[in-house]
Amino acid sequence: MASHESQMPSQENSDQDDSDVDDDNFDYYGEDQFEVAMYENRDDRPAGTSYRNADADPIDPEYFEYSCLQICDVERLLNECVEALCHAIPVTPALAKVLLHNHKWDVASLIRRYKLNCHLLLVETHIKPPKPVAPSSTGQRFTSCPVCVRSNLAYSELRGLACGDQFCRSCWVMHCASQLAQGASTAIECMEAKCSLLCPEDFVLKLLGDRPDLRAKYQHFVFQDHVKSHPELRFCPGADCPTVIRSKSLQAKRAVCKTCSTSFCFRCGIDYHAPTACATIKRWMIKCADDSETANYISAHTKDCPNCHACIEKNGGCNHMQCAKCKHHFCWMCFGDWKTHGSEYYECSRYKENPTVAQEAVHVKARRALEKYLHYYERFENHSKSLKLEEELRGKIKQKIDDKVNNHQGTWIDWQYLHDAATLLTKCRYTLQYTYPYAYYMEPGPRKELFEYQQAQLEKEIEELSWKVERAETTDRGDLENQMNVAEKKRLTLLQDFFDK
Amino acid sequence: MSNIAFQRLQREFKEVITNAEIAQTGIRLDTSDDTLTKLKGEIKGPPDSPYEGGTFKLDIIIPDNYPFHPPKVSFETKIWHPNISSQTGTICLDILKDQWAASLTLRTVLLSVQSLLAAPEPSDPQDAVVAKQCLTHPQMFTETARLWAQVCADAPGERNSQLYKKLTQLMDMGVGKESALSALSCNSWDVSKATEHLFS
Ligand SMILES: [Zn+2]
Ligand SMILES: [Zn+2]
Ligand SMILES: [Zn+2]
Ligand SMILES: [Zn+2]
Ligand SMILES: [Zn+2]
Ligand SMILES: [Zn+2]
């Protein structure tokens, strides 16, 4: 077991007692190059730990470098950008913030553009009006405000931006309050209809000087806007979590918040979804929400044994079922005999496209489309349910280990592998769940065939692992650890070949 | 209503009522109560449009924080126009939403609505049925919009006899003028489809 990882795939047969068929196909599918490259690199690692080190391995297809920042860290980071820009070009910090917010916080590019044509940059960023402003006549003693139409105002009552449009102070305050009530902060514009100059922070804060409630609200909104406009920053999507995740690369990789443990896709902010792409998973989610009515019938938790028709309740996450009455082994998803499942390769996950589909009538086509969708949806949902059940299983295993340790039947280190196995099972099944939306949107062809071949292999190994984890106490430790390695390898192979971040 | 809003509206009223130049553009402003929260607007259909010469009444509701929030404006008079709901009179116009600015006035709003009548934008529709007809059957759209203006907004001119005959046909069956117009217009002036639409 310990040397398993460093071995060439061709040697695997002698080492493994499970399914021989997949390994015969190994070279044909060209997976070996990746495995060799990947595992040679890991030779110096302690065996059996690779799956736990996935987050720290730059070759791992899911490797992702990020950090979790608190509000003060983010403020420091943003302030550093402001200071850098103010040092390089003659702008106030407030204007620097307008520039940075509207140009993805790219200090270097702003400096370059400023030096190239500062007028153009300031006009494009709505800081300066496109045309020079005619000096206003200050001959009279009094003036009026076009918004509240009060006349006999002293000139000192008026406020305005670089555009020269002037309004009274109290109108500006009401304008800002009304904009804040609608959620606007960095986007507050001049009150003149044809003018789109932006109100910089110092202008607004000065107006709100005697309104601490509005000031606080304004500053809170500005901070939110700045984080959203910064390409390296993402708010943690966890409920009421103030943490900001930072990564230099905008990738569809998994980020885990250190504060609240919420795990999400860094690029799109929803649940992590490798190997499926952000746009695809969005389409899939919308489709699932639309079709939830038709797909509802799937949620039934009981089915009859295909052999003796005894009612079986699925209470574990494993889809390899055994009828308690007649001991028949079958697959929960397709009801096929489990034995015939393994002989070719795991057939169940593959939806068979009907080649004569084009000639069929519209309503038949619609039904086929629904059938195809249900095939993928059923499996997506089923693995999601299995994940929840296995989550409970993991809790039970933890409890069991605690009990054993308390009864002096070894230490946590002795039993750690059981918990690791359950954790790995969750990780593998999670990826497997998200292979179904991927497959659903794939065009039929050799690439889809390869994908579904790898998906089937992964599925088979996961069910095998699940079966063994559920019976962990009676399973041989080496056997279990071997199964863990095989499942994780299949998972990594699939991600390496199909996950394009 | 805030003090600012009240002062502003009083000034706006004076401006619209007393200014002869404004009266010439065919826009009017009226109020039924002294609180100035509910107003009535009126615009004349612009020349060289199917709405020419029609008198269109508008409902205007002034929000408490006017002029920092836009007024709510909708057509009381029924109108066939891609950017105005033929059912509710709701208007799709940028300055009534995110492009509102505190320096805009009811006069500018009414003028903008008037120019919207002269230049429909079917690519950004409020009423999808009207917009589709406007894009695919422009001739039928013009005839339909003109008949609506003649029947609902007293626009002058010869009525399209073919369409008007279909309208009276439905009205003779006891259908109200506006329901009949709407049913026929939404069903490409197919009388049997419109009847089915009305009685099913
Ligand atoms: Zn004012
Ligand atoms: Zn301005
Ligand atoms: Zn969090
Ligand atoms: Zn994503
Ligand atoms: Zn049975
Ligand atoms: Zn099956």
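None of these values were measured; they are calculated from a predicted model. Convention: sequence-line order gives letters A, B, ...; per-chain numbering from 1.
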**Prompt:** Are the side chain of B:R8 and the backbone of A:V149 linked by a donor-acceptor contact shorter than 3.5 Å?
**Reply:**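 A pair under 3.5 Å: no.
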**Request:** Identify the residues of residues 101-113 of chain B whose heavy atoms come closer than 4.5 Å to a heavy atom of chain A, ordered by number, or report 'none'.
**Result:**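 From residues 101-113 of chain B, the residues near chain A are B:A101, B:A102, B:S103, B:L104.
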**Item:** chain A contact residues among residues 140-163 of chain B, heavy-atom distance under 4.5 Å
**Value:**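 The stretch does not come within 4.5 Å of chain A.
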**Any side-chain heavy-atom pair of B:F68 and A:Q179 under 4.5 Å** =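 SC-SC contact between B:F68 and A:Q179 ruled out.
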**Request:** Can you tell which part of A:C190 gets under 4.5 Å to a heavy atom of chain B, answering side chain, backbone, both or neither?
**Result:**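 For A:C190, neither part sits under 4.5 Å from chain B.
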**Message:** Report which part of A:E189 has an atom under 4.5 Å of a heavy atom belonging to chain B: side chain, backbone, both, or neither.
**Reply:**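 The answer is neither part of A:E189.
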**Separation between CD1 of B:I4 and OG of A:S170, rounded to the nearest 0.5 Å** =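 B:I4 atom CD1 to A:S170 atom OG measures 4.5 Å (nearest 0.5 Å).
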**Message:** Can you confirm whether A:R169 is buried at CZ, in the sense that more than 12 heavy atoms of other residues, nucleotides or ligands lie under 6.0 Å from that atom?
**Reply:**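 More than 12 heavy atoms, drawn from other residues, nucleotides or ligands, come within 6.0 Å of this atom.
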**Request:** Determine whether more than 12 heavy atoms belonging to other residues, nucleotides or ligands lie under 6.0 Å from atom CD of B:E196.
**Result:**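 No - once you tally the heavy atoms of other residues, nucleotides and ligands closer than 6.0 Å, there are 12 at most.
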**Message:** Less than 4.5 Å to any heavy atom of chain A: does that hold for the side chain of B:R11, its backbone, both, or neither?
**Reply:**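 Side chain only.
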